[in-house]
A.B. asks: 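Would you mind keeping the following structure in view while I ask a few things?
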2 protein chains.
Amino acid sequence: MKSTTTGDPALIRRINTGIALDAVLKGEPLSRAAISAGTGLNKATVSSLVQDLLDRGLLTETGQGASSGGRKPVMLEFRASAGCAIGIDVGATYLMGVRADLRGEVLAELRRPMEAAGGRSVMEQLIGFIEELLPKQPPQPYGVVGIGIGLPGIVDGAGSLLLAPHMDWEPTEVARRLEERFGVPVHADNEANFGAQGERIFGAAAGIRHLVYVSAGMGIGTGLVLDGQLYRGASGFSGELGHLSIQFDGPACRCGNRGCWERFASEQAALESAAAIGCGSLEELVQLAEQGHSEALRIWDEIGSYLGIGIATIINVFNPEAVLIGSRLSMAARWLEPAVQREVQARALPFHRRQARVRFAELGDGSAVRGAAWQAAEGFLARVKAGEA
Amino acid sequence: MKSTTTGDPALIRRINTGIALDAVLKGEPLSRAAISAGTGLNKATVSSLVQDLLDRGLLTETGQGASSGGRKPVMLEFRASAGCAIGIDVGATYLMGVRADLRGEVLAELRRPMEAAGGRSVMEQLIGFIEELLPKQPPQPYGVVGIGIGLPGIVDGAGSLLLAPHMDWEPTEVARRLEERFGVPVHADNEANFGAQGERIFGAAAGIRHLVYVSAGMGIGTGLVLDGQLYRGASGFSGELGHLSIQFDGPACRCGNRGCWERFASEQAALESAAAIGCGSLEELVQLAEQGHSEALRIWDEIGSYLGIGIATIINVFNPEAVLIGSRLSMAARWLEPAVQREVQARALPFHRRQARVRFAELGDGSAVRGAAWQAAEGFLARVKAGEA
DNA sequence: CTTGGTTTGTTTAGTAGACAAACGAAGTTA
DNA sequence: TAACTTCGTTTGTCTACTAAACAAACCAAG
């Protein structure tokens with residue numbers, strides 16, 4: 001019944017290995033001397049740690065840097081090509097995936113529509129899709145270090161999909177089954193959680209520690225980054241902010257509650273309004289707005305208002321630094337934004353409003369795949385630092 | 001520009017000291033051999049660590065335990081009397097305080113109404129109140145190790161009161177000024193945050209890692225414990241769940257938003273309804289309910305419904321293990337509870353509902369003082385483990 | 001083109017602290 | 001009483017960090 005990891009010399013080594021590696025990741029290219037100065041570790045210690053990391057193929061020497069009056073430093077860089085990570089976004093109607101290096105930079109990309117019902121199961125399609133993304137020649141020495149899978153539904157802490165409201169998918173142990181199939185760690189999580197990570201690392205929320213990512217698609221999903229890390233509730237799956245009620249006596253939702261936010265502010269809500277003017281898709285509604293169609297503009301303004309109303313509540317509750325709106329609805333950012341900002345200005349508490357920026361996602365519909373791939377790579381680095389790889 | 005604490009033998013020593021101390025705190029009385037077995041630390045290491053802690057007065061040997069077939073073990077206990085901590089709850093109309101030992105157990109208690117306007121300032125009263133709580137003979141060897149102050153308003157990360165809606169108090173650097181005055185660390189925070197801690201450690205939420213504490217008084221304040229620790233938003237002050245909107249087109253609130261929860265479910269809301277039946281205080285309204293007064297029962301049911309509506313949203317958003325209702329309204333727990341549970345059952349998502357328990361606070365109006373004192377003591381222990389004391 | 005000062009990175013010696021094993025003291029059971 | 005357990009300490013070994021010394025590499029000024 002070990003309570004915590006007990007401290008011994010090996011722990012020191014692991015800690016310092018992590019510190020050195022992080023230093024290079026943040027400030028590359030970097031010399032041994034610079035690492036020592038930046039971290040407080042002794043020069044000798046840094047030399048030893050760097051030698052280990054070179055031997056493990058995680059760093060490379062990339063030649064000499066500029067002298068600052070004495071011997072030229074040997075510059076070190078992280079070897080992002082020592083392995084690769086796979087990131088997948090499973091949408092209700094599409095599959096999207098990337099192969100990325102250990103830094104999360106995209107090496108290959110693939111997307112395709114989901115096959116019509118009656119054909120192969122979603123799981124079979126997913127496995128085939130991943131196989132196509134795998135590298136022909138596995139990178140040395142680590143090969144594929146992990147797979148991240150964003151799913152459109154409720155996912156528990158073990159990476160099992162429990163509920164997928166907008167698609168035909170039974171509860172499935174996605175992570176476990178893929179781990180068995182491919183023999184590498186699999187991180188399965190809600191697509192919005194990965195979207196939040198993607199934007200935080202590569203997109204509009206760089207370096208932000210308190211972030212709410214609103215994935216406005218058919219329904220509304222959310223990814224919460226609190227204090228720099230993904231928040232999962234007590235059960236391991238994240239808050240369902242789509243079912244935040246904004247009107248306690250409003251229309252009943254299939255979840256049992258009344259006046260749920262996603263009934264007012266999702267793609268579905270937009271399509272319902274759009275039907276009245278004979279318009280059947282978001283793309284069409286965007287086009288009408290571009291042509292100045294007044295009713296279309298009114299619909300976007302209305303959806304934007306409701307988005308803003310919910311976001312104001314989110315700001316009051318979480319006091320985040322940023323709220324990012326992503327997924328399908330972000331294609332109409334231009335027409336939604338004024339209404340969103342108007343409601344947030346009017347409704348959020350002054351103290352919190354001053355802090356929070358409300359923006360649209362920068363990576364568009366790519367936030368989730370990028371985040372998923374990054375998570376897989378990051379998991380590998382965490383294992384390295386923990387001495388498991 | 002040191003990035004992190006670098007790993008060296010002293011760090012290991014601190015880590016292991018913390019592990020040993022925690023083992024005793026959780027399982028006392030405990031022998032050295034039992035600590036070794038329970039933590040995985042070597043017997044020799046434990047002996048050395050325990051000797052240090054004995055020398056520092058943090059542990060005592062309390063005689064021999066029962067043999068299990070060999071030499072009798074020497075039992076060790078945490079010396080909670082090595083210092084003491086002060087906890088204060090500043091209410092809008094009262095002051096309440098305790099002196100506690102290092103485990104947070106109450107040694108002395110004091111409460112008094114706030115002086116009428118025109119007399120001494122709140123700060124002056126507070127300082128005098130603390131002075132009365134200080135021990136005549138400071139406990140050896142650490143004396144007063146810290147002060148925790150729960151405040152009825154928005155408090156930032158530095159312990160400054162920014163806004164106190166229900167009382168006459170300018171923005172004040174409470175923590176800094178008291179630290180200067182008393183020369184010990186001061187933790188100032190929102191009263192609801194300490195209430196959450198109090199219930200988590202000593203009350204109805206023992207050991208729960210995801211907790212929302214709803215302090216239902218004149219307004220509604222909340223304390224959020226996420227993943228075992230207090231959540232403070234980006235600005236350092238906690239979410240204002242009282243201004244969670246439950247009806248986007250509802251009545252305007254002074255905060256600028258519409259349909260704020262605390263307009264429906266606070267003491268103030270209850271009093272507004274009660275005025276119609278000529279009733280002027282919560283206590284009176286409780287009494288009427290006890291006598292079976294039907295209109296009074298209806299009012300409690302209504303307030304309970306609104307409480308439940310907000311709590312259902314909170315459950316959907318945070319997916320906590322427990323929601324605790326504390327402060328003044330908890331005196332009517334008996335009449336509120338059915339309505340609260342009814343709405344939560346009807347509105348919270350099935351997945352989350354199964355997880356979350358909704359209860360009333362166990363420590364009554366004492367949650368916050370207890371939590372404040374515990375926080376001060378805990379801060380001391382954290383400093384011990386960090387090697388600063 | 002030499003000389004002096006600087007910077008980089010390695011080598012060497014010393015130290016803190018954990019662990020394993022052996023041991024004496026104190027108990028229990030047969 | 002003898003044999004076996006358990007507790008806690010002592011002793012020696014090992015790991016990994018630090019400080020200091022050092023060699024190599026480099027710049028710049030005379």
Side-chain angles (χ1 to χ4, degrees), chain A residues 2-21 23-24 27 29-55 59-76 385 387, chain B residues 2-21 23-24 27 29-55 59-76 385 387:
Chain A
K2 291 209 176 189
S3 46
T4 329
T5 21
T6 138
D8 63 357
L11 175 65
I12 297 194
R13 190 67 173 180
R14 287 200 297 277
I15 291 174
N16 288 340
T17 302
I19 292 176
L21 190 53
V24 177
L30 215 58
S31 70
R32 290 168 175 80
I35 296 173
S36 172
T39 61
L41 288 166
N42 190 280
K43 287 195 296 175
T45 307
V46 171
S47 275
S48 161
L49 293 169
V50 165
Q51 192 53 56
D52 271 12
L53 291 169
L54 287 170
D55 291 345
L59 294 182
T60 28
E61 300 188 331
T62 57
Q64 303 193 313
S67 162
S68 61
R71 173 175 163 184
K72 285 183 182 170
V74 179
M75 303 315 272
L76 300 162
K385 291 174 199 167
Chain B
K2 290 209 175 187
S3 47
T4 329
T5 24
T6 139
D8 63 358
L11 173 66
I12 292 204
R13 188 68 172 179
R14 286 200 297 276
I15 291 174
N16 289 340
T17 302
I19 292 176
L21 190 53
V24 177
L30 216 59
S31 69
R32 290 168 175 79
I35 295 173
S36 171
T39 60
L41 289 166
N42 188 279
K43 286 197 296 175
T45 307
V46 172
S47 275
S48 160
L49 293 169
V50 165
Q51 192 53 55
D52 271 12
L53 291 169
L54 287 171
D55 291 344
L59 295 182
T60 28
E61 298 188 333
T62 58
Q64 303 192 313
S67 163
S68 60
R71 172 175 165 186
K72 285 183 181 169
V74 178
M75 304 314 273
L76 300 162
K385 291 173 199 167

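Note on naming: letters A, B, ... go to the chains in the order of the sequence lines (proteins, then strands), and numbering restarts at 1 for each one. Reckoned from all heavy atoms, side chains included, excluding hydrogens, waters and symmetry mates.
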A.B. asks: I need the CD-P distance between A/Gln64 and D/dA24, as an integer number of Å.
C.D. replies: 16 Å
A.B. asks: May I ask you to say what A/Val74 touches in the nucleic acid, namely base, sugar-phosphate or nothing, with a heavy-atom cut-off under 4.0 Å?
C.D. replies: sugar-phosphate
A.B. asks: Can you find an N or O donor on one side and an acceptor on the other, under 3.5 Å apart, linking the side chain of A/Arg71 with the base of D/dC26?
C.D. replies: no
A.B. asks: Using the heavy-atom set of chain B and a strict 4.0 Å cut-off, write down the first and last nucleotide of DNA chain C that makes it in, 5' to 3'.
C.D. replies: C/dG17 to C/dT28
A.B. asks: Could you check how far CG of B/Asp8 sits from P of D/dT18, rounded to whole Å?
C.D. replies: 6 Å
A.B. asks: Side chains of residues 41-50 of chain A: which donor-acceptor partners sit under 3.5 Å, not counting sequence neighbours?
C.D. replies:
| unit_1 | atom_1 | unit_2 | atom_2 | d |
| --- | --- | --- | --- | --- |
| A/Asn42 | OD1 | A/Ala44 | N | 2.8 |
| A/Ser48 | OG | A/Arg13 | NH1 | 3.1 |
| A/Ser48 | OG | A/Arg13 | NH2 | 2.6 |

A.B. asks: Rounded to the nearest Å, what distance is computed from the CD atom of residue A/Gln51 to the P atom of nucleotide D/dC17?
C.D. replies: 14 Å
A.B. asks: NA contact type, A/Ser47, heavy-atom cut-off 4.0 Å: base, sugar-phosphate, or nothing?
C.D. replies: base
A.B. asks: Within the 4.0 Å heavy-atom criterion, would you say A/Ala44 contacts the bases, only the backbone, or no part of the nucleic acid?
C.D. replies: base
A.B. asks: Counting heavy atoms from C-beta on, name the nucleotide in D/dA16, D/dA19, D/dC26 closest to the side chain of A/Ile12.
C.D. replies: D/dA16
A.B. asks: Taking atom C1' of D/dC14 as reference, at what distance in whole Å does atom CG of B/Asn42 sit?
C.D. replies: 13 Å
A.B. asks: Hey, which of these two, A/Lys72 or B/Leu41, hits DNA chain C nearer its 5' end, going by closest nucleotide?
C.D. replies: A/Lys72
A.B. asks: Base, sugar-phosphate or nothing for A/Thr45? Non-hydrogen atoms, less than 4.0 Å.
C.D. replies: base
A.B. asks: CZ of B/Arg71 to OG of B/Ser31: how many Å apart, nearest 0.5 Å?
C.D. replies: 10.5 Å
A.B. asks: Just how far is it from atom CG of A/Leu53 to atom CG of A/Leu21, taken to the nearest 0.5 Å?
C.D. replies: 5.5 Å
A.B. asks: I need the A/Arg32 CZ to A/Gln51 CD distance, nearest 0.5 Å.
C.D. replies: 6.5 Å
A.B. asks: Which part of the nucleic acid does A/Ser31 contact within heavy-atom distance under 4.0 Å: base, sugar-phosphate only, or nothing?
C.D. replies: sugar-phosphate
A.B. asks: Using 0.5 Å steps for rounding, measure from the CG atom of A/Asn16 to the CG atom of B/Leu11.
C.D. replies: 8.5 Å
A.B. asks: Between A/Gly70 and A/Ser48, which residue's closest nucleotide on DNA chain D lies nearer the 5′ terminus?
C.D. replies: A/Ser48
A.B. asks: To check you understand the geometry: which heavy-atom pair defines the closest contact between B/Lys385 and B/Arg14, and what is its length?
C.D. replies: O-CB, 3.5 Å
A.B. asks: Rounded to whole Å, how long is the line connecting atom CZ of A/Arg14 with atom P of D/dT15?
C.D. replies: 15 Å
A.B. asks: In whole angstroms, how far is the C1' atom of D/dT5 from the NZ atom of B/Lys43?
C.D. replies: 11 Å
A.B. asks: Looking at D/dT15, I'd like to know if its phosphate oxygens (OP1 or OP2) sit under 4.0 Å from a side-chain N or O belonging to A/Arg13.
C.D. replies: no
A.B. asks: So, OP1 or OP2 of D/dC17: does either fall under 4.0 Å of a side-chain N or O from A/Asn16?
C.D. replies: yes
A.B. asks: Verify side-chain contact (heavy atoms from CB on, under 4.5 Å) between A/Glu61 and A/Leu76, making sure each step is shown before the conclusion.
C.D. replies: CA-CA 5 Å; A/Glu61 300 188 331; A/Leu76 300 162; 3.8 Å; yes
